[in-house]
**Q** 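Got a structure for you, written out below as C-alpha cells; questions coming shortly.
Throughout, protein chains are lettered first and strands after them, A, B, ... in sequence-line order, and every chain is numbered starting at 1.
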Amino acid sequence: MERYDASVAEPKWQKVWEDRASFSAERDETRPKFYVLEMFPYPSGKIHMGHVRNYSLGDVMARYKRARGFNVLHPMGWDAFGMPAENAAMQNKTHPGKWTYANIDAMRAQLKAMGFSYDWNREFATCDPDYYAQQQALFLDMLEAGLVYRKNSVVNWDPVDQTVLANEQVIDGRGWRSGALVERRELNQWFFRISDMAEELLAAIDGLKGWPDKVRLMQANWIGRSEGLEFDFAIAPNDLTDAEKLTVYTTRHDTLFGASFAAVSPDHPLAADLAGKVPGLAEFIAECRQMDTTEAALETAEKKGFDTGIEVVHPFDPDWRMPVYIANFILMDYGTGAIFGCPAHDQRDLDFARKYGLSVVPVVCPEEQDPAAFEIGAEAYIGPGKLINSAFLDGRSIAEGKEAVADRIGTRKVNFRLRDWGVSRQRYWGCPIPVVHCDSCGIVPVRKSDLPVELPEDVTLDAPGNPLDRHPTWRETICPACGKSARRETDTMDTFADSSWYFARFTSPHAKTPTDLSDIDYWMNVDQYIGGVEHAILHLLYSRFWCRAMQRTGHLPESAIEPFDALFTQGMVTHETYCTRDSEGRPVWHAPDEVTITESREAALKTTGDAVEIGSSTKMSKSKRNVVDPETIVATYGADTARWFMLSDSPPERDVEWTAAGVEGAARFLQRVWRLAQEIASTQPEKPAEFGDEAAGLRKATHRTIKGVGEDIEGFTFNKAVARLYELSNAISKSAAGHDDLAYARHEAMEAMAQLMEPMVPHFAEEVWKLLGHETPLVETPWPVADETLLTESVLVLPVQVNGKKRGEISVPVEAAKDVIEEMALTDAGIQRFMDGKSPKKVIVVPGRIVNVVI
RNA sequence: CCGGGCGUGGCGGAACUGGUAGACGCAAGGGACUUAAAAUCCCUCGACCAAAGGUCAUGCGGGUUCGAUUCCCGCCGCCCGGACCA
C-alpha cells in the first residue's frame, strides 16, 4: 500500500480549487448567504501558529457552510499600515510599502499552502491607495456629520516611537509596541466622537446574542456608565479668584452631609486661575504633571493635595465652609474635574482626609449598628445602611437620600468612562487625514474628487518625528476654499480606523465608493467573526462605532450598525519553554528545535549537550523562543496534519499546547484512514437488500457520526467532532471485510469519513473521495444527510441504580412503559442481590435514562 | 482592589436540560510481526483491596436531591480583564 503523500496531494488540490474557482463568492439571491470572517493579519512577513489556528477554525466553518448549500463569503486581506513597517524600513534602508508588499506576497503564499478556502479576488491591503481613498471619503463625511473634531488634549506621548498613543495602547504605563515609558504632552489632535454614542453602544450590547458573555461584559465595563449628580458649590468670597462657583460630579450625593473638602484636578481652570496667585501652587501643579501614570505607580502613589486657601459653601448650610484642594488624583477628563470628598464612605477620600487632618463624619450607618457608636477606622464604609448625621436625610436609605438631594440641587447626570477616540498619529505609514490648513479659511476638507491624498513615495524615516511634517514639498498645497496656498494635515489615522470597516469593504472591494449598498444588503452582516480575545474591547468597539458612523453618513443601512452577528474568540497556541542559565542565573531561552528531549523528559542542548530546564507552556513568543514555524510543519507533515492537530483535543476557545507528539499522532491518524480507504476502495459494492447485525451496526455508527459532527461544527466544539471521527474510523477498522453487506457499510462509512473530514483536512479528504471513485470534487459535493431511521435504537441499555449507585444494567425495548421497566429492574438477579430481600420504598424510572431503586 | 472564568487520570479533554464519571486522543507498560529497527496490529492503563467482587474518587468543607462534575453556601488555588472614573 502507498502512504499518503501530502506534498503531492496538497498543491494538486489547491490547483483544482483555483481552476474551478471553488471559493469565489458571487451574489446569488436564490441562495442563503453566510459571511465568515477571521480577523485579518498584520503582514509581519510570516504566518505564525496563532494564524494557523484562527484561520483553520474559520475554514472549518466556511467549508461546512458551503457544503450545507450556503453562498459563503470568506475573504482575506491585510491590516497593512503601522509602525513595524517604518521600523523595518529604517533598519533595512527600504520603503515601508516595499517591505509591506513583500511580506504580503510571502504570507499569501503561506496561506495558500494551508488550503484555506478564501475568495482571493476580494483581497486588499489597507495601505492600498484604493482602500484608503475610501477611508478618507468616510472621514470627510464623518467630519461633515460632526463625528470628527479637533481639540487640544493631553496625550500619551511615546518618546521612542515619537507618536501619540490611545489610552488603550498604553499598557502598564508603557507604549504597547515600543515598551517605552509614556509621557504626558498637550497637542492638537483629531478625535472621533465615540463618547456621544456611549449610551447606545452600551444598550446595544444586549442584542449581541451571538457574542460571548465575557466580551459583552468587557465592553460594558469599558464604556462604564455611572449615574450621578452634577451640582454647584458656591465659592466663598475671597481675594484670589473671581470664580463664584465650583461644579462637581458625584454618584454619592446621599453622603453630602459627610463632606469635608472639595478638590479639583491640577488641569482644572480654577487651578490655572490660582496658579500664579498662591505661592507654591504652580510648582505643585508642575509636579503633578510629571507624575508617573503607570498603573503600578498609581496604586501605590501617594494622594497629594494643595490647599488653595479658598473655600466653598455647603449647599444646605450657608455657614458650613470647606477647603478647596488641588489634588493629584482628580482626572480632568472625567465628570467636571472636581469632586467633593466624603472621607467616611470613600477610601481614597479617607486616605486624603487622614493625611491632611480633615474631619471624618460617618453619614451612612449599617443596619444593626448603633449610630452613636459607629466610627470609621482605617477603612471607609461603602456598604448599605441608613443615613445619619444628615439633617433632613436622617433615617433614609442611600437611594432615598440620593433622590432627596437631587430633588433640591443640581442636575442628574450620566457619565461614561469611555472617552473620545484620539486618532491622530504623527507617523508616515498610515492613512493621511484629508484636510488642509489654510491661514484664511482655517481647516478645510479636501475635495472628494481630489482623493486619495496619497502618501509621498520619497520620505526620510531615519529622523525622529513625523516624516510627512519634514517632507520638502508634500505639505504644500492649495486651499480648496480660497485657492491660496495652504498646508496639508500631516497627521495620519490610528490603524485601528483601517480595521474598523474592512469587513464592509470586502462585500464590494472594487467599488468607487466606500460601500455598494446592494452588495452590503446581500452580504452583511458578518455571520461569524473569529479572532483573538485580545481584540475584545478596542477593535470590536471601534468597529461598532464606525458602523454607526457609516450608517449616519449613508454608507451602511440601519441593519448593519452591529457588524458581527456572532463572535468567536479562540485561545492561544502555547508551547513548552526551554532555558539554560547564564552566570548570573538569568534564563537563556532556546527554540524547540535546538533541544533534544529524552523519554524520561530530560532535555539537553543539541549543540553542547548542556542540560536544559523545561518550563511551563506559554503563548508562543519571540522573547521566550518557544515558537514552531508553520512552514516547517507544512514541509514535514503537510497542511492537513497541522490543521487536524489544531482542531483535535483542545476546545477552540481554550489554549492549545503545540507538542511534537500531538503532531505525530495527527499525521499517524491520517495515514491510518488512508490505509483503510485504500482497502475499501478496492471494491465497489452494490447496496444489498438486507444488512446483517454487524453491517447494520456500522451503518448506525456512520449515521450517528454524520449527525454528531454537524452538531459539533455548528456548536464550535470541533474537538468533539474530531473525537467522533476517530470513533468512526475505529469502528470501520474493527469491522471485518467479507460479506457484501459489510463491504457496502464500510464503503458508506468511508465516504462519510471523507465528507465529514473535508472542512478540517480538505486536501486529504478530496484524495480519499477520489480514491473511492468520485469524479466530482468534494468541495462541490453537498454535506451528507443522516438517515433518521438509522439513528433510532429498538433496544436500550438502561443503567439501574440502588440507592443512587449503579448496580447493573437492563436491556429494554425503546417503547417499554415505565411499569414494565420497573418490573424488569426489580426482577433482575443482579439488582436483587443488592436489595437484601427488602421491598423498595420508591422506584424512579427516567425513560431513556436510568432506573433508581430506593430501599 | 473591583469584575469575570476555571479547577475531572501521568497529560489534553468527554459527560445532552441533575441521570452509567473518565468518550476520543497523547504518553506509558506488555505482546505479535521483523535478523533488527521503523511502520503496523493486539492487550492493559484513576486509586485502593480482592477469588468473585467491592470501596474510594471530578480542588477542600457543608447543603438541596432518589441521584450532584453539573444547582446553592463558605473556603483554597489558578487564569483573564479592568483599575485614582468621584
**Q** For atom P, what is the distance between B:rG62 and B:rG18, given to the nearest Å?
**A** 24 Å
**Q** Below 6.0 angstrom between ring centroids: does that apply to A:Trp644 and A:Phe764?
**A** no
**Q** Counting Watson-Crick and G-U wobble pairs only, both distances under 3.5 Å, name the nucleotide matched with B:rA57, or none.
**A** none
**Q** Is the phosphate of B:rC26, meaning OP1 or OP2, less than 4.0 Å from a side-chain N or O of A:Arg668?
**A** yes
**Q** Could you check B:rG82 for me: syn (within 90° of 0) or anti?
**A** anti
**Q** Does A:Arg216 reach a base, just sugar-phosphate, or nothing at all? Heavy atoms under 4.0 Å.
**A** nothing
**Q** Answer yes or no on whether A:Arg3 is positioned over the face of A:Trp674, meaning its NZ or CZ is under 6.0 Å from the six-membered ring centre and within 45° of the axis.
**A** no
**Q** Please confirm whether any donor atom in the side chain of A:Arg348 sits under 3.5 Å from an acceptor in the base of B:rA86, or the reverse.
**A** yes
**Q** For A:Lys413, check side-chain hydrogen bond (donor to acceptor under 3.5 Å, both in side chains) against everything at least two apart and list the hits.
**A** A:Glu230
**Q** Check whether any side-chain nitrogen or oxygen of A:Arg654 sits under 4.0 Å from OP1 or OP2 of B:rC79, and answer yes or no.
**A** no
**Q** Looking at the side chain of A:Ala723, which of B:rG54, B:rU20, B:rA23 is the nearest nucleotide?
**A** B:rA23
**Q** In whole angstrom, give me the gap between the C1' atoms of B:rU70 and B:rG82.
**A** 30 Å
**Q** Could you identify the nucleotide paired to B:rG77, looking across every strand shown and requiring Watson-Crick or G-U wobble geometry with both distances under 3.5 Å?
**A** B:rC6
**Q** Considering every strand and a 4.0 Å limit on heavy-atom distances, what is the contact class for A:Phe834: base, sugar-phosphate, or nothing?
**A** sugar-phosphate
**Q** So what does A:Val854 touch, heavy atoms closer than 4.0 Å: a base, only the sugar-phosphate, or nothing?
**A** sugar-phosphate
**Q** Can you tell me how far C1' in B:rC24 sits from the matching atom in B:rU35, rounded to whole Å?
**A** 38 Å
**Q** Could you tell me whether A:Arg724 contacts a base, only the sugar-phosphate backbone, or nothing, with contacts defined as non-hydrogen atoms closer than 4.0 Å?
**A** nothing
**Q** Should the pair A:Tyr325 and A:Phe261 be assigned to parallel (<30°), tilted (30 to 60°) or perpendicular (>60°) ring geometry?
**A** perpendicular
